[in-house]
Amino acid sequence: MPWTRRHLLTIEELSLDEIHQIHATATAFKKILGRSVKKVPALRGKTIVNLFLEPSTRTRMAFDMAAKRLSADVISLDGSSSSTTKGETLRDTAQNIEALQADMIVIRHSAAGSPLYLSKILGIPVINAGDGAHEHPSQGLLDTFTMREHLGSLKGRKVVILGDILFSRVARSNIHALTKLGANVTIVGPSTLVPEWFKALGVTVSHDLRSALADAEVVMLLRIQHERQTSGMFPSIGEYTNLFGLNKTRAGWLNPKAIIMHPGPINRGVEIDSELADGVNSVILQQVTNGIAIRMAILYLCSGGQPEQVIPSA
Ligand code: CP
């Protein structure tokens, strides 16, 4: 099937075939990133604007790096240095970016649905780099790409997502990607942060860490999203760590070969101990590296590129 999507707004809307196409294209780009000359001319002459109205380290830098590796010109604008601080609306900001002849916009915003809104009012492709607690599709794609590198097919694999699920866009995007890829997903944490209604997304809901971690082949830790929580969801950080923090003893409940993942930023000593974050089972920095190839694939495909133009035929 040819790639036809111009925007990347959610993983929920992607088909399994589209997820495979992005992963296959990223695999080809990852090989290019391993060469001494890491740049290809695929997007030469195009201008990509990274509009980040919420803080970011990994996502913004990886989109920036990906655009440069594809030979695009890239301009980054953040909230504190943009005219949004003078009262300009998102609509006006985005329409001005289009009037400045950008070819694509990558947006991070605290409001769920803002990338969808821009996709309806702009004539250029819109890429969601995280919208509120809704979705973070490029993160879900790089996480599942990393899992597939370690495990091969994810069909029937037990993947545990531990932490603040309720406020996590990373959790939602991973749940959509993993269930489409056939994984058995368990979400675990305090009942205030892991509500029963997530079962409707096809996952197992647990509040019992030991049984959730038993035989898991992947555990993904999520930090507490203080910036999105509106009221106390648990008594204290110390109590959360005592009950749900991943330490060496609890990691012993996992499959011994299980990989430990975290989208970052990490709060060391809260959701995960340093010896595990930095240990042999951790693939946290591999996730970050894979973020470049995945974002190259997204920028390339949504600019009109086709997977077979990058992927050598068998
Ligand atoms: N994982 C992630 O979205 O990290 P940043 O907020 O640093 O981009």
Side-chain angles (χ1 to χ4, degrees), residues 8-12 22 26 48-69 74-82 105-115 126-147 149 159 161-178 187 193 218-229 246 259-268 270-272 276-278 282-299:
L8 183 68
L9 305 176
T10 66
I11 293 186
E12 186 175 15
I22 294 171
I48 296 173
V49 171
N50 288 329
L51 176 61
F52 275 63
L53 300 175
E54 259 197 346
S56 170
T57 297
R58 282 148 289 270
T59 311
R60 179 170 156 176
M61 289 187 69
F63 268 115
D64 198 325
M65 190 81 82
K68 287 176 176 157
R69 295 290 185 236
V74 56
I75 299 170
S76 292
L77 183 63
D78 66 40
S80 61
S81 61
S82 78
I105 188 164
V106 179
I107 177 170
R108 169 169 288 193
H109 199 285
S110 58
S114 43
V126 176
I127 309 299
N128 180 4
D131 60 331
H134 177 220
E135 278 229 32
H136 191 346
S138 63
Q139 184 71 47
L141 288 161
L142 77 88
D143 290 338
T144 47
F145 180 84
T146 306
M147 289 179 215
E149 280 189 330
V159 177
I161 309 177
L162 163 58
D164 178 356
I165 308 293
L166 182 61
F167 294 96
S168 173
R169 54 195 177 207
V170 175
R172 281 173 183 74
S173 285
N174 266 286
I175 288 169
H176 289 304
L178 286 163
I187 55 173
L193 297 177
V218 179
V219 60
M220 179 182 297
L221 287 306
L222 298 176
R223 73 182 173 89
I224 304 297
Q225 316 266 312
H226 295 288
E227 70 275 27
R228 276 185 265 285
Q229 292 185 7
L246 191 67
I259 55 171
I260 295 175
M261 305 183 75
H262 196 309
I266 299 173
N267 289 152
R268 289 171 183 265
V270 178
E271 69 269 13
I272 183 168
L276 296 171
D278 303 328
S282 170
V283 299
I284 294 170
L285 292 177
Q286 291 171 38
Q287 291 171 256
V288 178
T289 303
N290 283 338
I292 305 170
I294 283 288
R295 280 142 185 153
M296 286 174 80
I298 293 167
L299 297 177

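Nothing here was measured: the structure is a model prediction, and the numbers come from that model. Whatever order the structure lists ligands and atoms in, that order sets their numbers, starting from 1. Residue indices begin at 1 and follow the sequence shown.
The shortest N/O to N/O separation between Arg60 and ligand 1 does not fall below 3.5 Å. The shortest N or O to N or O distance between Gly264 and ligand 1 is under 3.5 Å.
For the residue pair Val170 and His136, the shortest heavy atom distance occurs at CG2-CD2, 3.9 Å.
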Original post:
Passes side-chain contact (heavy atoms from CB on, under 4.5 Å), Ile266 versus Glu271? Steps please.
Top reply: CA-CA 8 Å; Ile266 299 173; Glu271 69 269 13; 4.2 Å; yes
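Considering each of Arg169, Arg108, Glu54, the one bringing a non-hydrogen atom nearest atom 6 (O) of ligand 1 is Arg108.
Nearest protein neighbour of atom 1 (N) of ligand 1, counting heavy atoms only, is Pro263 O, 2.8 Å. Among all protein heavy atoms, the one lying closest to atom 2 (C) of ligand 1 is Thr59 OG1, 3.5 Å. The nearest protein atom to atom 4 (O) of ligand 1, hydrogens excluded, is given as Arg58 NE, 3.1 Å; this is a heavy-atom distance.
No more than 12 heavy-atom neighbours from other residues, nucleotides or ligands sit within 6.0 angstrom of CD on Glu12.
Side-chain atoms of Gln287 and Gln139, non-hydrogen and from C-beta on, do get closer than 4.5 Å to each other.
Under a 4.0 Å criterion applied to the non-hydrogen atoms of Thr57, ligand 1 contributes the atoms 5 (P), 7 (O), 8 (O).
Between Asp278 and Arg268, at least one side-chain N (NZ, or NE/NH1/NH2) sits under 4.0 Å from a carboxylate O, which counts as a salt bridge. The pair Lys68-Asp64 meets the salt-bridge criterion, since a charged nitrogen lies less than 4.0 angstrom from a carboxylate oxygen.
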